[in-house]
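Read through the structure below, which is laid out as structure tokens, and then see the notes.
Predicted model, so just to flag it, every value in this text is computed and none were measured. Below, chains carry the letters A, B, ... as their sequence lines are ordered, and counting in each starts from 1.
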2 protein chains.
Amino acid sequence: MKRSEITKQKILAAAEKAFAEKGLYGARVDDIAEQSGANKRMIYAYFGSKEKLYVAVLERVYSRIAESEKELLNKETDCVEAIRRIIRHSFDFLYEDPSFVKMVMWENLNQGQFLKESEAPQAKGISVELLRKVLRQGIEQGIFRESVDIEELIVSINMFCFSYFSNIYTMGQIMQTEFSGRAELDKRCEHITDIILQYIVKEQ
Amino acid sequence: MKRSEITKQKILAAAEKAFAEKGLYGARVDDIAEQSGANKRMIYAYFGSKEKLYVAVLERVYSRIAESEKELLNKETDCVEAIRRIIRHSFDFLYEDPSFVKMVMWENLNQGQFLKESEAPQAKGISVELLRKVLRQGIEQGIFRESVDIEELIVSINMFCFSYFSNIYTMGQIMQTEFSGRAELDKRCEHITDIILQYIVKEQ
DNA sequence: TGATAAGATAACTATATAGTTACTTACTTG
DNA sequence: CAAGTAAGTAACTATATAGTTATCTTATCA
């Protein structure tokens, strides 16, 4: 790998950490330079501005979920099992990749403005597409209720998965519990899978 | 009202707007002073520091939800209707009070550190308490399934309500739709009420 | 009414920060 | 291997920002 590419990657890694932690405004260019081991000058040489570096981080982070969701496409299973797998996959991904969660939250607080700026068109949404397909199939096969509103349900599933990770602190306060462990995660994943399946599967 | 009290309130109002919009790091003390019409000196006289002002805003914002949820306590209804009302109330509150949503999101990104600092003990949680009571009653009365995990379900309900407002931008991108209107809101509220009731109510 | 203290103001300071410039070192290839 | 180009460095600049100081204004009650 070329030296410049190595430096770019080091900068991106440090920037991701900084931006995920403190956001665009809170992160400091000097910190990013120091943490990356690169010189501040190179940040401007390669990325142009703090804001453009932020967008580059955003794209990098989004590309990871797209990559990760590809593995959902391989296996053929019945539609109930497919729903289970998609939810499980989402939980595992979000658990393993806290930076993704944080960057999405920043983006929501920024009214999605930097995601809009981004070149990356629709890296987003393999799992959404898959859910659509599976839900349609399930209905056709008579396994899922016809009255299910597919689009609303996809939103529900996504929010169920994401918000467990995004609202972990305030939810912990409200419920007076800790949510950080693996055990709580598994329990939660099963719980929401139950809720979703109970809602869509006919006559159990 | 004393002059000092008026100034305090003007500062708090401007600070809430600024902090909700841009967070602790992004907001500027000079802007808050200008927007409030008060002098910057008074911010430090009354609140001590930018950070303490932020905490004061956080408390103010949290006190509103506590106040709002009091009205849930009056009416006596059956437990199914109570669940409907609590969800509806939550949706309406979050819709009317976007600053609350944003401040909670900032707090989650700050790892809940300023909420911890806050003096305000448990202004949080009237609806949580009420949900506990209603769910227990429903189970005792044989209307709700005994196997329902009350604590998990409360988390689910809260997340369903909150995340619709907190993730509106990225969700809009993923689903390629707009979510901002009243109509979408009502539809969503009904949808999640359906999901929750389907999950907890016995033999429909 | 006028002394006194609370409330408000504008101008100031030290520092932190995004972005730049002038310069040096390392790599590549004719 | 020479020479040009790509990569990297350190010191610098202009500005923005949190917090302060010295000073003035206004309300209140003896």
Side-chain angles (χ1 to χ4, degrees), chain A residues 1-60 102-103 106-107 109-110 113-114 117-118, chain B residues 1-60 102-103 106-107 109-110 113-114 117-118:
Chain A
M1 187 156 47
K2 276 164 74 180
R3 209 150 57 105
S4 64
E5 198 52 40
I6 293 170
T7 305
K8 267 188 210 168
Q9 291 305 319
K10 285 196 301 184
I11 291 171
L12 278 172
E16 182 181 319
K17 212 176 159 211
F19 286 135
E21 214 60 51
K22 304 189 166 184
L24 175 59
Y25 299 114
R28 298 297 160 218
V29 176
D30 287 296
D31 287 353
I32 293 171
E34 199 183 341
Q35 287 299 312
S36 70
N39 189 280
K40 184 159 71 149
R41 172 68 177 69
M42 303 319 286
I43 291 177
Y44 290 94
Y46 291 137
F47 299 97
S49 69
K50 187 187 186 185
E51 204 174 287
K52 282 181 189 162
L53 176 59
Y54 182 83
V55 173
V57 167
L58 206 56
E59 283 169 1
R60 174 183 146 110
K102 292 207 163 191
M103 290 301 291
W106 291 117
E107 202 43 25
L109 281 166
N110 293 327
Q113 64 180 292
F114 297 108
E117 268 177 43
S118 154
Chain B
M1 188 155 47
K2 277 163 78 181
R3 206 149 59 106
S4 65
E5 197 52 38
I6 292 171
T7 305
K8 268 188 208 170
Q9 291 305 320
K10 284 195 303 184
I11 292 171
L12 278 172
E16 182 181 318
K17 211 174 160 211
F19 285 134
E21 214 60 51
K22 304 191 164 182
L24 175 58
Y25 299 113
R28 298 297 160 216
V29 176
D30 286 296
D31 286 353
I32 293 171
E34 198 183 342
Q35 287 300 312
S36 70
N39 188 279
K40 184 158 70 147
R41 172 68 178 74
M42 303 320 285
I43 291 177
Y44 290 93
Y46 292 137
F47 298 99
S49 71
K50 189 188 186 185
E51 205 173 284
K52 282 181 189 161
L53 175 60
Y54 181 83
V55 173
V57 167
L58 206 56
E59 284 169 0
R60 176 184 144 110
K102 294 209 161 189
M103 290 301 291
W106 290 116
E107 202 44 24
L109 281 165
N110 292 326
Q113 62 180 297
F114 297 108
E117 268 178 42
S118 154

Using only heavy-atom distances, decide whether a donor-acceptor pair under 3.5 angstrom links the side-chain of Lys40(B) to the base of dA18(D). yes
Under 4.0 Å between any heavy atoms, over every strand shown, what does [X] touch: base, sugar-phosphate, or nothing? Just pick one.
{"X": "Ala27(A)", "result": "sugar-phosphate"}
{"X": "Tyr46(A)", "result": "sugar-phosphate"}
{"X": "Arg28(A)", "result": "sugar-phosphate"}

Tell me which nucleotide among dT20(D), dG8(D), dG7(C) gets nearest to the side chain of Met42(A). dG8(D)
Between dT9(D), dA18(D), dA8(C), which nucleotide has the shortest distance from any of its atoms to the side chain of Asn39(B)? dA8(C)
Any chance [atom1] of [X] has more than 12 other-residue heavy atoms, nucleotides or ligands included, within less than 6.0 Å?
{"X": "Glu34(A)", "atom1": "CD", "result": "no"}
{"X": "Lys50(B)", "atom1": "NZ", "result": "yes"}
{"X": "Lys10(A)", "atom1": "NZ", "result": "yes"}

What is the separation between atom [atom1] on [X] and atom [atom2] on [N], rounded to the nearest whole Å?
{"X": "Tyr54(B)", "N": "dA18(D)", "atom1": "OH", "atom2": "P", "result": "15 Å"}
{"X": "Tyr44(B)", "N": "dT13(C)", "atom1": "OH", "atom2": "C1'", "result": "13 Å"}
{"X": "Tyr25(B)", "N": "dA18(C)", "atom1": "OH", "atom2": "P", "result": "13 Å"}
{"X": "Leu53(B)", "N": "dT17(D)", "atom1": "CG", "atom2": "P", "result": "16 Å"}
{"X": "Ile11(B)", "N": "dA8(C)", "atom1": "CD1", "atom2": "C1'", "result": "11 Å"}
{"X": "Ile43(A)", "N": "dT9(D)", "atom1": "CD1", "atom2": "P", "result": "12 Å"}
{"X": "Asp30(B)", "N": "dC12(C)", "atom1": "CG", "atom2": "P", "result": "15 Å"}
{"X": "Glu5(B)", "N": "dA27(D)", "atom1": "CD", "atom2": "P", "result": "17 Å"}

Can you tell me if Thr7(A) touches the phosphate of dG8(D), counting only side-chain N or O atoms and a distance under 4.0 Å to OP1 or OP2? yes
Short side-chain N/O contact from Ser4(B) to OP1 or OP2 of dA6(C), under 4.0 Å: no
CG-CG distance between Leu58(B) and Leu24(B), expressed to the nearest 0.5 angstrom: 10.5 Å
Judged by each residue's nearest nucleotide on DNA chain C, which is more toward the 5′ side, Val29(A) or Arg41(A)? Val29(A)
Least distance between heavy atoms, Ser4(A) atom then Tyr46(A) atom: CB-OH, 3.2 Å
